[in-house]
Amino acid sequence: DSESLTPEHLLTLTWDNGQGLRFERIIAVDQNYMFTVTQKVVNTGIKALTLYSYGLVSRHGTPPTLGYSVLHEGAIGTLKGETVEYTYKNLISKPETETSTGGWLGITDKYWLAALIPDQHTNITASFRHTSGGPYKDVYQVDYRAPATEIPPGGSADATDRLFAGAKVVSLLSNYEDTLGIARFDYAVDWGWFYFLTKPIFQAIDFFYHLLGNFGLAILLLTFIIKLLFLPL
C-alpha cells in the first residue's frame, strides 16, 4: 500500500496466490530498528490448511572476526531463560536445536545485532546451522518455527513477531527487555565470565558519563570511589 516504511507510517503487503489463500503482512519499525511484523492468512478455499509461523536470519560468507576470547561474534540467543552462544566454527562442526517458550535468537557482531523475537508466549523450535555450496562457500542461519496452525475453510490465522536489526546500545536493549518482556536481551552484549563485575562497572561508568559528559572524568570518579571503598583494607 506504499513505497516506503517509516516509524510514522506502517507498510502493508498483500498477495493472493489464486489457489484459495490470501496473505497480508503489516510491518512497523521504530526509530531504533525494531521491526514488528504481523502476518495474517485467510483461507478462501474449500479445504483446511496447516501452516507454520517462522522466521530466519542468515549470513552469507564467513565474516572476519576480532578473535577475542572475551568477545562473542556469531550465533546467539536466550532460550528457556539461558543465553547460548555458538561461534561460526561451532556451527560448521555441529548444528544445534533448542526448544523454548519465547526468547530470542540471532547473529551478532561486536557492535551490531540481527535478532528474531517470536511471540514470548509461543512454544518454538529454534535451530542454529551451517550449509555450504551455491554462490557462497558458507551460509550460517538461525531460525525458529512455531507450532502448526490449522485454518479451516473461510477461516484465518495471524501471528505477530519482531526483528531487531541495529546497534547494541545497552540502554536500548534493556528498555526492550522491560517494555516487550524479552528475557536477557541485554546479554546480546558480551559481558564475559565476570558479568557480575563488568555489568555494574559499565552501568556506573555510563551513569557518571551522563552526569559529567566526559568518559575520562567518569573513569576517574569510578576509580576514586573504588579506591575509597577499599581504603580500610
Exercise. Could you give me the CA-CA distance, side-chain angles and deciding distance for Phe164 and Leu180, then say whether side-chain contact (heavy atoms from CB on, under 4.5 Å) is met?
Key: CA-CA 12 Å; Phe164 176 76; Leu180 301 178; over 6 Å; no

Exercise. Kindly indicate, with the supporting measurements, whether the criterion side-chain contact (heavy atoms from CB on, under 4.5 Å) is fulfilled by Ile201 and Phe194.
Key: CA-CA 11 Å; Ile201 287 174; Phe194 299 101; over 6 Å; no

Practice problem: Please assess Thr97 against Thr125 for the test side-chain contact (heavy atoms from CB on, under 4.5 Å), listing each intermediate value before the final yes or no. | Solution: CA-CA 7 Å; Thr97 301; Thr125 300; 3.7 Å; yes

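A side chain to side chain donor-acceptor pair (under 3.5 Å) check over residues 152-162, counting only residues at least two apart or in different chains, returns the pairs Thr36-Arg162, Thr38-Thr160, Ser53-Asp161, Tyr144-Asp161. Note on residues 166-182: pairs passing side chain to side chain donor-acceptor pair (under 3.5 Å), not counting sequence neighbours, are Asp30-Tyr176, Thr108-Lys168. Judged as a salt bridge (Lys or Arg N to Asp or Glu O under 4.0 Å), the pairs with a partner in residues 134-153 (not counting sequence neighbours) are, in order, Arg129-Asp143. Pairs passing the ring-ring contact (aromatic ring centres under 6.0 Å, His included) check and including a residue from residues 12-45, sequence neighbours excluded, read Trp15-Phe23. Applying the salt bridge (Lys or Arg N to Asp or Glu O under 4.0 Å) definition to pairs two or more places apart or across chains, none involves residues 10-28. Identified under the ring-ring contact (aromatic ring centres under 6.0 Å, His included) test for residues 92-114, with sequence neighbours left out: Trp104-Phe185.
Annotation for Tyr54: hydrophobic cluster partners, listed by chain and number, are Leu56 (ILVMFWY side-chain heavy atoms under 4.5 Å, direct or chained). Annotation for Leu10: hydrophobic cluster partners, listed by chain and number, are Ile26 (ILVMFWY side-chain heavy atoms under 4.5 Å, direct or chained).
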List the atom pairs, with distances to 0.1 Å, where a side-chain N or O of residues 40-49 and a protein N or O form a donor-acceptor pair under 3.5 Å, not counting sequence neighbours.
residue : atom : partner : partner atom : Å
Asn43   : OD1  : Gly45   : N            : 3.0
Asn43   : ND2  : Lys47   : O            : 2.8
Asn43   : ND2  : Ile151  : O            : 3.1
Asn43   : ND2  : Pro152  : O            : 3.4
Thr44   : OG1  : Gly20   : O            : 3.2

Identify all side-chain donor-acceptor contacts of residues 219-233 below 3.5 Å with residues at least two apart in sequence or on another chain.
residue : atom : partner : partner atom : Å
Thr223  : OG1  : Ile219  : O            : 2.7

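Using a 4.5 Å cut-off on side-chain heavy atoms (C-beta onward), Ile205 and Phe215 make contact.
Residues satisfying the ring-ring contact (aromatic ring centres under 6.0 Å, His included) test with Phe207, not counting sequence neighbours, are none. The salt bridge (Lys or Arg N to Asp or Glu O under 4.0 Å) search around Glu73 returns none, not counting sequence neighbours.
Here the CG atom belonging to Leu13 is positioned 7.5 Å from the CG atom belonging to Asp1, to the nearest 0.5 angstrom.
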